[in-house]
Amino acid sequence: MNLSDFLNSKNYNSELKIIISNIAAGSIQICERMNEDGANIFGSVGEKNIQNEDVQKLDLIANEIFIDIFNNQSSVKSILSEENENIIELNNSAKYIIAMDPLDGSSNIDVNIPVGSIFSVLKNNKNGFLQKGCAQELACYVIYGTTTMLVFAIDNAVFGFSLNLKNKEYMLTHPNIQTPINGSIFSINEGNYNSIDSEILSFINYCKELSPHGKRTHTGRFVGSLVADFHRNMLRGGIFIYPKTGDKPNGQLRLIYECNPIAFIAKHTNAKSTNLNLDILDIIPSKLHERTAFVVGSKNMVDKLLSFYN
Ligand code: F6P
């Protein structure tokens, strides 16, 4: 079933349906740019964003594509983007606001490793973007990998669609995604080993224990694109950990447009997320580009990690 037949068959709010279609259309444009114009998407633009990260050409291309689409369709009131310090106002009469990381995993663009786009959709209210993640009505990501996939959580369920580039059509390939309650994959940048909590080190050492037959009990995988690491662990069972580190005392990942949408999708696949203190979806953000420690994955693995803190 293609995406538009799927959406027509559902009772979702009509504005949310338009937003899903807009994200799908934007991601197809990005995918086409990647496949048709490879030589021109590599490299940085020689500027830093407000997070002091190098801005890549594809970061800007993706940002413009999504802002243009939401603007032209009048579907969105305002946008908070990783690429822009301030909120972008679009259509005052629209109900929904979108926080987005238009291109997640920027450091992987030039080395041909999967990257993604992430979206958090909230109903506007007096708190604007500073709402708890549990208030999201739709969370969505696109992964540009071996195939391009659109994954979204809405009405307590998560669906995955794979792109048929020839027909420019997303097809339902993953209905009602569930994360295994146990998993064997742990995903952490071990380069931070010497600057993270001893409880996390204990958990990593637990993951590295051998079975009585001398076989490994877990496997380590870290792509360095949140969307790709999460997508694999969601389907296979695993845990993703990006804790506070010595040089990033608040963590690396942004709460509103990276952690919240991923945590919302995780929740509806029966997985769990935490900042090692609170459920991610219960945190009240205090600023737009706030960072947080982030752990997400199979319930039993997240609980095992938390048990080292108790
Ligand atoms: O903040 C974006 C991001 O690129 C994530 O996609 C990824 O998980 C993380 O940063 C990687 O950070 P590091 O390079 O410190 O491992």
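We count ligands from 1, going down the list as the structure has it; atoms in each ligand are counted the same way. None of these values were measured; they are calculated from a predicted model.
A 6.0 Å sphere centred on CD1 of I284 holds no more than 12 heavy atoms belonging to other residues, nucleotides or ligands. Within a 6.0 Å sphere centred on NZ of K17, heavy atoms belonging to other residues, nucleotides or ligands number more than 12.
Hydrophobic cluster membership differs between M301 and I265, with clusters built from Ile, Leu, Val, Met, Phe, Trp and Tyr side chains linked at under 4.5 angstrom.
The closest donor-acceptor contact from the side chain of T217 to the backbone of E209 lies under 3.5 Å.
Relative to the ring axis of Y206, K304 places its NZ or CZ within 45° and under 6.0 Å from the centre.
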Please give the N or O to N or O pairs under 3.5 Å between ligand 1 and the protein, distances rounded to 0.1 Å.
residue  : atom   : partner : partner atom : Å
ligand 1 : 1 (O)  : Q252    : NE2          : 3.1
ligand 1 : 1 (O)  : R254    : NH2          : 3.0
ligand 1 : 1 (O)  : E258    : OE2          : 3.3
ligand 1 : 6 (O)  : D104    : OD1          : 2.6
ligand 1 : 6 (O)  : L226    : N            : 2.7
ligand 1 : 8 (O)  : L226    : N            : 3.4
ligand 1 : 10 (O) : Q252    : NE2          : 3.0
ligand 1 : 15 (O) : Y242    : OH           : 2.5
ligand 1 : 16 (O) : N189    : ND2          : 2.7

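Ring geometry for F186 against H218 counts as perpendicular: the plane angle is over 60°, on a 0 to 90° scale with 30° as the lower cut.
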